[in-house]
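Below, all heavy atoms of this structure are taken into account, side chains as well, without hydrogens, waters or symmetry copies.
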Amino acid sequence: MTSDPAAGPAAPAPPSPRAEAAGSSSGRARATRPPATPRRRPAVLRAVSGLTTRGRCLLAAGLAAAVCAAVLDERGLLRIAAFVVALPLLATALAAASKVRLGARRTVTPERVPAGGDGDVRLDLWRTGRLPAGEILLEDRLPHPLGPRPRFVVERLPQHPVALRYPIRPGMRGVHRITALRATITDPFGLCEFDRDLVPPSSVVVVPRVTPLHGRPGGAGTGGADSGSIRRHVGQGDPDVMVRQYRTGDDMRKVHWRSTARRDEIMVRVEERPWRGGTTVLLDRRAAAHHGVGHPDGSLEWAVEFAASACVHLSGSGSPVRLSDERGHVLADIPDGAGPAGSGVALDALAALQPAHERDLAVSSGPVHAQGHELIAVLGTVGAQGVAELTHTRPRGAPSLAVLVDTASWQEPGRSPGAAVSETAALLRAAGWRVVVADRHADVADVWSQLCRATTPTPVQAGGLR
């Protein structure tokens with residue numbers, strides 16, 4: 001229903017019964033009204049709402065005294081009533097003025113807090129106005145994984161920054177959000193109080209624990225079993241020998257005589273292109289493949305800690321590392337020589353990692369590994385179909401290593417490896433994998449050492465039971 005703008009201020013004609021019936025029957029044709037915006041309360045009501053119980057009682061007493069003074073015609077009592085009424089209102093005005101003249105800043109150190117480690121949060125609070133600030137109650141609303149909510153009481157806040165600190169000790173990795181810093185400002189007489197958010201929300205990145213590792217599995221990061229980070233592969237990548245016509249000034253030692261005899265002109269060898277190796281760390285994050293998902297001591301968190309330790313250790317040695325999930329999707333790609341910045345990329349990706357809901361491995365659906373990379377798979381419960389999927393996508397001519405997490409030991413501590421875990425390990429070993437089985441009591445550094453020595457035909461068991 002629209003109105004004609006040329007009709008002027010004339011009153012609209014009353015609707016006819018037919019129009020009312022048409023309008024009620026066809027609700028789609030009627031224009032919907034925009035949602036009504038909430039009306040803002042008057043300044044007096046907003047000021048009164050900030051009064052405490054003491055301030056409201058004092059205001060009520062002043063009003064009652066004013067009524068009595070008017071009835072009894074007592075001017076002295078009226079002056080007292082005016083003072084009693086003005087006192088909470090004046091305190092409210094001062095508190096409201098000081099509320100908008102506060103500044104704060106929040107700083108979290110270190111930039112990445114390890115799970116189970118210690119972090120520090122610093123709050124800098126200052127006053128920017130000339131009016132004095134009363135008592136200030138600060139509450140930083142932390143999420144539950146970071147610990148209890150700290151509270152501070154600040155009196156006579158100066159104009160220079162005042163530093164407040166409190167520790168955090170997160171027990172679970174993740175990207176946790178600290179909501180706004182809430183400040184409750186009161187006047188010196190306790191007659192009124194106001195709430196205000198001083199600092200916007202900020203995030204705390206809690207990365208998985210990183211265990212120092214030593215040694216490297218045979219060929220890890222080198223493209224094979226050789227030492228060093230450069231290896232020339234035969235049958236992979238570009239041909240080993242590339243030739244071109246001789247040019248003046250070429251080194252005669254690079255003449256390729258076989259090609260020269262075949263083409264009847266001098267041909268020289270082109271510099272062989274080195275094959276740069278690396279390692280792909282595949283992390284199986286399926287919720288169905290782990291036990292205790294969402295708990296700090298679950299099997300998934302152990303697998304995440306192992307993957308984080310392996311990525312940091314391998315990238316620290318200068319070799320490129322790629323982190324991927326159970327679908328072959330790349331989570332982090334660390335080039336060679338990235339240093340600590342590259343390790344931080346992998347740790348950030350693992351901090352934000354969430355369990356997947358796939359039932360089986362689907363490694364072939366994504367670029368699981370770069371060409372020439374070795375593969376280190378950190379696996380949960382894997383069936384025969386998952387083993388076939390891994391075998392189909394494993395790199396050719398490069399070692400493939402697997403850490404098979406015995407998730408049943410998280411459910412029944414102290415038990416020996418079940419038939420399912422032993423069968424999976426046997427299938428992987430038969431397909432050419434080096435396998436280490438890790439139970440709940442296994443240490444990350446011990447499993448890595450076992451992985452470096454895993455060359456026997458049978459899987460190696462790491463942990464409390466062997």
Decide yes or no on side chain to side chain contact (heavy atoms under 4.5 Å, CB included) for His313 and Arg216, but give the supporting numbers first. CA-CA 9 Å; His313 176 66; Arg216 302 178 66 169; 4.1 Å; yes
Please walk me through it: do Val444 and Leu213 pass side chain to side chain contact (heavy atoms under 4.5 Å, CB included)? CA-CA 8 Å; Val444 171; Leu213 304 178; 4.1 Å; yes
[Y] and [X], any side-chain heavy atoms less than 4.5 Å apart:
| X | Y | value |
| --- | --- | --- |
| Arg429 | Arg434 | yes |
| Leu142 | Val204 | no |
| Pro355 | Leu300 | yes |
| Val153 | Leu137 | yes |
| Leu181 | Leu125 | no |
| Val85 | Leu59 | yes |

Closest non-hydrogen atom pair, [X] against [Y]:
| X | Y | answer |
| --- | --- | --- |
| Ile334 | Ser315 | CG2-CB, 4.0 Å |
| Ala303 | Val378 | CB-CG1, 3.7 Å |
| Ala438 | Val447 | CB-CG2, 3.9 Å |
| Pro296 | Gly171 | CB-O, 3.4 Å |
| Ala287 | Val293 | O-CG2, 3.9 Å |
| Ala351 | Val206 | CB-O, 3.3 Å |

Can you tell me if [X] uses its side chain to pair, donor with acceptor, with the backbone of [Y] under 3.5 Å?
| X | Y | answer |
| --- | --- | --- |
| Ser400 | Trp433 | no |
| Arg169 | Leu146 | no |
| Arg177 | Pro143 | no |
| Arg209 | Pro114 | no |
| Asp284 | Gly380 | yes |

Approximate separation, where rounding is to 0.5 Å, of [X] [atom1] and [Y] [atom2]:
| X | Y | atom1 | atom2 | answer |
| --- | --- | --- | --- | --- |
| Arg105 | Leu123 | CZ | CG | 10.5 Å |
| Gln411 | Arg440 | CD | CZ | 10.5 Å |
| Arg149 | Tyr166 | CZ | OH | 11.0 Å |
| Leu282 | Leu401 | CG | CG | 12.5 Å |
| Leu379 | Thr424 | CG | OG1 | 9.0 Å |
| His176 | His144 | NE2 | NE2 | 10.5 Å |

So Glu358 and Arg286, salt bridge (Lys or Arg N to Asp or Glu O under 4.0 Å) or not? Walk me through it. CA-CA 6 Å; Glu358 283 77 8; Arg286 294 174 297 137; over 6 Å; no
For Arg196 and Arg182, run side chain to side chain contact (heavy atoms under 4.5 Å, CB included): C-alpha distance rounded to whole Å, both residues' side-chain angles, the deciding distance at 0.1 Å, then the answer. CA-CA 6 Å; Arg196 183 192 174 190; Arg182 175 61 59 90; 6.0 Å; no
Option from Leu347, Thr280, Leu353, Leu350 for which side chain to side chain contact (heavy atoms under 4.5 Å, CB included) with Leu323 holds: Leu350
Using the rule side chain to side chain contact (heavy atoms under 4.5 Å, CB included), only one of Ile168, Val121, Leu138, Asp140 pairs with Pro150; which is it?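 Per the side chain to side chain contact (heavy atoms under 4.5 Å, CB included) rule, the option paired with Pro150 is Asp140, out of Ile168, Val121, Leu138, Asp140.
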Cut-off 3.5 Å, side chains only: do Ser299 and Thr407 have a donor facing an acceptor?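 Note: Ser299 and Thr407 side chains miss the donor-acceptor criterion.
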Neighbour count >12 (heavy atoms, 6.0 Å) for atom CD, Glu139: yes
Should we say atom CZ of Arg141 is surrounded by more than 12 heavy atoms from elsewhere, each under 6.0 Å from it? yes
Pair His295-Glu301, side chain to side chain contact (heavy atoms under 4.5 Å, CB included): steps then yes or no: CA-CA 8 Å; His295 296 278; Glu301 299 307 315; over 6 Å; no
Check the angle between the aromatic planes of Trp410 and Trp302 and answer parallel, tilted or perpendicular using the 30° and 60° thresholds. perpendicular
Taking the six-membered ring for Trp, are Phe306 and Trp448 parallel (under 30°), tilted (30 to 60°) or perpendicular (over 60°)?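 Rings of Phe306 and Trp448: tilted, 30 to 60°.
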Begin from the C-alpha positions of Arg122 and Asp120 and carry the test salt bridge (Lys or Arg N to Asp or Glu O under 4.0 Å) through to its verdict. CA-CA 7 Å; Arg122 172 173 172 168; Asp120 181 77; over 6 Å; no
